[in-house]
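Working notes, beginning with the structure itself.
To find a chain, count down the sequence lines: A is the first, B the second, and so on, and within it residues start at 1.
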Amino acid sequence: MSNNMSFFSGFQPHDLLFMAEAAGQTLLISVLSISTGTVFGIIFGWMLQSGNWVVRAILGTVLDVFRSVPLLIQLVLFFNFFPIMGWPLEPFAAGTFVLSLYTASLVAQVARGGIEAVGKPMRRAARSLGMSYWQDMRYVVWPIGLRAVFPAWVGVALGVMKDSALVSVLGYVELLRASQILITRTQEPFIILAVAGAFYFVLSYPLSKYSQKLEERWAS
Amino acid sequence: MIEIKGLHKYFGDLHVLKGIDLNVAKGEVLSVIGSSGSGKSTLLYCINGLEEIQKGAVIVDGVDVHAKGTDVNKLRQNLGMVFQQWNSFPHLTALENVALAPQIVKKHSKTDALEIAAKQLKHVGLGDKLNVYPNSLSGGQQQRLAIARALAMEPEYMLFDEATSALDPELVGEVLETMRMLAEEGMTMICVTHEMGFARDVSDRVAYFHQGIMEEIGPPEQIFGEAQSEHTRKFLANVR
Amino acid sequence: MDYHFHWRPVFQKLPELLQASLTTLEVAVLSMIIGIILGLLLALARMSPIKPLRWFATCWVELARNTPALFQLFFFGFGLGAFGIHFAPYFIVLFGLSFNNAGYLAENFRGGFQAVPDTQLRAARSLGMTIPQAYIRIIIPQVLRIVYHPMTNQMVWAVLMSSLGMMVGFRELSGETQFFASKTFRIFEYFAVTALIYYAIVKIILGAAKLASIRLFRY
Ligand SMILES: Nc1ncnc2c1ncn2[C@@H]1O[C@H](COP(=O)(O)OP(=O)(O)OP(=O)(O)O)[C@@H](O)[C@H]1O
Ligand SMILES: [Mg+2]
């Protein structure tokens with residue numbers, strides 16, 4: 001096969017479209033999981049910060065497990081667990097479920113860091129001005145903490161976007177799975193992977209640079 | 001002997017030293033005073049080759065510091081330097097801080113290096129801090145550690161760049177005391193300093209720098225008593 | 001629920017799974033060693049005045065950080081096949097992880113180098129140390145201290161990422177689990193046990209790193 005190493009024989013324009021659609025699937029599952037996971041992650045983070053020790057111990061351990069077991073294993077586990085419980089799930093649904101949980105476990109840590117970054121003295125100052133607990137949360141902790149952890153959150157979100165490639169193990173056709181399918185058909189691994197890589201890069205690089213800029217600006 | 005001849009130094013377009021001529025004899029203590037940005041630190045860096053120069057020459061014991069073939073690493077062993085920020089190596093104990101260079105630069109055996117280090121630390125009054133890490137030393141102690149570290153290379157010259165300006169006021173004394181001790185032992189020293197008391201009492205000559213030019217040099221009585229230059233008088237009036 | 005859990009076959013294969021865990025550890029540790037060396041070089045290259053060197057290092061770092069690890073493995077797996085380069089599964093994983101580790105560590109190292117004040121270099125040079133001596137004895141030990149925590153995290157990542165071996169036919173812990181699971185159809189049970197093993201490995205690494213840090217950094 002190395003004799004006819006023409007880069008164009010197998011790979012056709014409409015394949016590019018196929019990959020673009022698959023990139024859309026990657027984006028879809030990522031956005032869904034990241035937003036769900038972020039909401040739950042913030043709630044968990046707050047519970048880790050202000051819950052009693054039972055909540056902290058149990059929730060902390062569970063979230064720690066999600067961070068310490070490979071995502072690939074989590075996907076396979078849950079995908080096979082749902083049918084056992086009697087609710088077989090589509091790869092997309094199962095993938096979104098696991099990715100959301102995984103995101104939440106990471107965001108919880110970030111969120112707790114954010115609340116801690118605000119610091120006791122500042123919060124005490126806020127309360128001494130007569131703010132209620134929720135006012136303190138809304139007007140002091142949230143804006144200051146958000147600033148402190150936004151770059152870290154972007155890091156988590158981009159990580160999840162890249163990790164969504166693993167949902168391909170369940171058979172869900174996202175970008176990387178689509179590339180595999182095309183490679184099998186066309187035998188053009190290099191160019192197809194290059195295109196896939198370019199898609200990921202375009203999704204990830206600008207955001208990561210942007211958050212880096214923000215971090216530098218906020219640091220000074 | 002340190003001979004500085006027609007020394008010019010630029011940082012890009014910034015003309016920092018504008019033709020310095022200066023000799024420092026063996027055993028002499030020279031204090032360099034002057035306002036911020038006048039090029040005092042840069043002068044010291046040029047003397048031990050930490051900065052390139054654009055014109056002129058610096059000659060230490062007959063060796064041209066900036067000539068092509070000069071082994072600056074060898075040369076620097078003879079020119080101890082103490083900085084404003086004390087720059088102790090945080091990952092090494094006081095003893096290791098001082099022993100490292102004798103061991104890896106002078107190729108002393110480890111035992112010899114440690115022995116030299118212990119001796120120098122005792123010399124500067126840190127004999128009870130041998131195995132302590134710098135972060136548990138005070139600023140004054142760290143600065144004395146830096147002096148011991150430089151002395152361990154057995155240099156014939158010591159360059160001090162505002163060794164006391166970063167210290168809390170109550171810690172300045174112990175470092176000046178150590179410097180005074182060295183001067184009394186006959187060490188050749190160039191001290192950039194803002195401590196006018198030290199400059200007057202300890203040095204043989206005082207040089208006043210103003211905007212890259214050595215405006216005036218002479219014995220302390222002259223500089224502090226009957227300065228020739230308008231700039232010198234103004235500067236001294238302000239620091240007092 | 002008419003599913004009956006069968007744990008026995010999994011426990012019978014426990015020795016094989018633990019054996020495979022050692023393979024996981026081996027490839028993770030090796031990829032970290034390679035990653036640390038390459039990461040240091042990349043960090044230095046990114047700070048170097050030589051443009052092509054900077055450019056090359058930047059490309060490496062950005063590619064490693066902005067594409068999925070699985071993509072990187074595929075690239076070593078069959079992307080290079082287009083040029084007639086084929087690696088055994090072990091090396092696909094090793095090279096893929098090393099590439100990824102190096103990219104992430106390079107950024108950590110760069111931050112570490114920037115955090116060490118340049119007056120440290122001046123002080124070392126003023127004592128007559130050469131540039132390599134100053135770097136090896138003074139700068140790099142301080143950088144390693146600064147990046148120790150991120151480095152531990154990267155080690156954990158390397159272990160987790162090595163599970164991707166399953167996707168390229170490498171029989172580390174996940175691959176081995178997959179192999180047995182597909183033979184017996186006890187997929188859930190096998191992967192549940194494997195998840196526990198991973199959790200234990202991660203905890204052991206973090207514990208060991210903590211112990212080591214107490215011994216290593218006494219300042
Ligand atoms: N590495 C450098 N690059 C560019 N400019 C520099 C550099 N180092 C010093 N300068 C400039 O050279 C001039 C002289 O600096 P130098 O540090 O020698 O002054 P100084 O007399 O020691 O002042 P200070 O009392 O503040 O230490 C200053 O204007 C300074 O901004
Ligand atoms: Mg200065």
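- Taking CG of B:N87 as the reference point, atom CD of C:Q120 lies at 5.5 Å (rounded to 0.5 Å).
- Environment of CG in C:D118: sparse, with no more than 12 heavy atoms of neighbouring residues, nucleotides or ligands closer than 6.0 Å.
- Contacts of B:M81 with chain C are made by both backbone and side-chain atoms, with heavy-atom separations under 4.5 Å.
- For the atom pair CZ of C:R125 and OH of B:Y45, the computed distance is 13.5 Å after rounding to the nearest 0.5 Å.
- Considering B:I104, B:N73, B:V105 as possible partners of C:T130, the one that fulfils the side-chain contact (heavy atoms from CB on, under 4.5 Å) test is B:N73.
- Only one option out of B:V82, B:L159, B:N48 pairs with C:S126 in a side-chain contact (heavy atoms from CB on, under 4.5 Å); it is B:N48.
- Taking CD1 from C:I138 and NE2 from B:H91, the interatomic distance works out to 4.5 Å, rounded to the nearest 0.5 Å.
- Your options are B:P134, B:A101, B:P90, and the one with the most heavy-atom pairs under 4.5 Å with chain C is B:P90.
- More than 12 heavy atoms of other residues, nucleotides or ligands shown are found within 6.0 angstrom of CD on B:Q54.
- For chain C, no part of B:E96 is nearby; none of its heavy atoms comes within less than 4.5 Å.
- For C:R145, no part lies under 4.5 angstrom from a heavy atom of chain B.
- Between B:M153 atom CE and C:L127 atom CG the span is 6.5 Å, to the nearest 0.5 Å.
- Only the backbone of B:S88 has a heavy atom closer than 4.5 Å to any heavy atom of chain C.
- Annotation: cation-pi pair C:R137/B:F89 absent, no NZ/CZ under 6.0 Å from the ring centroid and within 45° of its normal.
- For B:K55, the NZ atom counts as loosely surrounded, since its 6.0 Å shell holds 12 or fewer non-hydrogen atoms of other residues, nucleotides or ligands.
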